[in-house]
Amino acid sequence: MNIITFDSDAKLNEAAANIIVGQIQTIPRAVLGLATGGTPVGIYKEIVRDYERGMVSFRNVTTFNLDEYVNLPIDHPESYHSYMNANLFSHIDLPESQRHIPDGNAADLEAECRRYDEAIELSGQIDLQLLGLGHNGHIGFNEPAHALIKGTHIVELAEKTREANARFFDSIDDVPKQALTMGVGTILKAKKILLVVKGADKADIIREALQGPITTDVPASLLQTHPNLIVLLDSAAAGKLA
Ligand code: PGA
């Protein structure tokens with residue numbers, strides 16, 4: 001595991017973008033696993049800047065997002081479809097047919113989960129998976145549980161997750177109660193994982209995830225088993241590491 005700490009948000013975002021853009025420069029047909037939430041917004045801005053400077057093309061890239069809410073209309077401003085369009089997809093040359101996000105409005109959600117896993121399998125392995133970290137240790141929407149599920153599945157969102165995400169909605173009652181998420185098995189199969197964590201409010205959970213026991217109570221702790229994990233932290237998030 002390679003942990004790098006940054007004293008500014010700008011430097012952290014630039015470093016994360018460099019890793020992602022570098023991956024595409026090395027493998028133009030790269031398969032990327034993408035994340036949503038507050039953490040990657042600045043990283044996507046940097047990537048768009050690199051694209052506008054002509055440093056990278058997404059023409060041959062394929063992307064798979066980690067998750068999507070269930071029953072939130074696709075054009076709702078807080079759907080992850082809208083998020084990805086606003087923050088990245090509408091600004092770059094990634095063909096629509098090569099962008100994948102689970103369909104939380106599918107009539108048969110179980111079938112949609114199987115379809116999503118098959119699409120990931122068909123693309124080959126994910127070369128680089130970008131991850132944020134939930135306050136409860138979740139990755140994607142894999143919430144703490146007695147057992148974790150390998151593939152894409154329907155998940156009941158933890159209260160802590162709904163509270164954290166309420167800031168994006170008018171009220172917590174508007175935050176969906178379910179989501180579809182890639183499973184930890186798929187996440188761990190990625191060839192390289194880039195975990196990005198920002199803020200003092202995540203200092204305790206990142207310490208547990210990286211330096212505590214490996215337990216399904218902290219899904220991110222499973223990342224300790226990954227052979228190619230890069231962790232980028234701001235100094236606030238790194239504040240409690242041993
Ligand atoms: P955040 O979410 O980036 O909005 O803090 C991270 C996550 O829940 O995975």
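In listed order, ligands and their atoms are each counted from 1. Along the sequence shown, residues are numbered consecutively beginning with 1.
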Do N165 and Y69 meet the criterion of a side-chain donor-acceptor pair at a distance under 3.5 Å?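 Result is yes, a qualifying pair exists.
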
Under 4.0 Å from a heavy atom of G134: give me the atoms of ligand 1 that qualify, with their elements.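 The atoms of ligand 1 under 4.0 Å from a heavy atom of G134 are 7 (C), 8 (O), 9 (O).
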
**Study point:** K198 and its side-chain hydrogen bond (donor to acceptor under 3.5 Å, both in side chains) partner, picked from N13, T39, D234
**Key:**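 Testing K198 for a side-chain hydrogen bond (donor to acceptor under 3.5 Å, both in side chains) against N13, T39, D234 leaves exactly one candidate, N13.
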
Would you say G38 has any N or O atom under 3.5 Å from an N or O of ligand 1, going by distance alone?
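G38 vs ligand 1: N/O contact under 3.5 Å present.
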
* To do: Indicate, with yes or no, if the rings of F168 and H76 have centres closer together than 6.0 Å.
  =>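 No, ring centres 6.0 Å or more apart.
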
*asked:* In this structure, does ligand 1 have an atom that sits under 4.0 Å from one of the heavy atoms of H135?
replied: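 It does not, in that no heavy atom of H135 comes within the 4.0 Å cut-off of ligand 1.
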
Have a look at ligand 1 and work out which part of [X], if any, has a heavy atom under 4.0 Å from it: side chain, backbone, both or neither.
{"X": "K202", "result": "side chain"}
{"X": "L133", "result": "backbone"}
{"X": "R167", "result": "side chain"}

ask   = So which heavy atom in the protein is nearest atom 7 (C) of ligand 1, and how far is it from that ligand atom?
value =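 It is H138 NE2, 3.4 Å.
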
Looking only at protein heavy atoms, which one is nearest to atom 3 (O) of ligand 1, and what is the separation?
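Ranked first by proximity to atom 3 (O) of ligand 1 is T39 OG1, 2.5 Å.
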
inquiry  = Under a 3.5 Å distance rule, please check whether S79 uses its side chain to pair with a backbone N or O of S82 as donor and acceptor.
reply    =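 Present.
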
N2 atom CG, over 12 foreign heavy atoms within 6.0 Å: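 Enclosed: over 12 neighbouring heavy atoms sit under 6.0 Å from CG of N2.
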
* Any idea how F64 and H100 line up, ring-wise: parallel (<30°), tilted (30 to 60°), or perpendicular (>60°)? ->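 Correct class here is parallel.
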
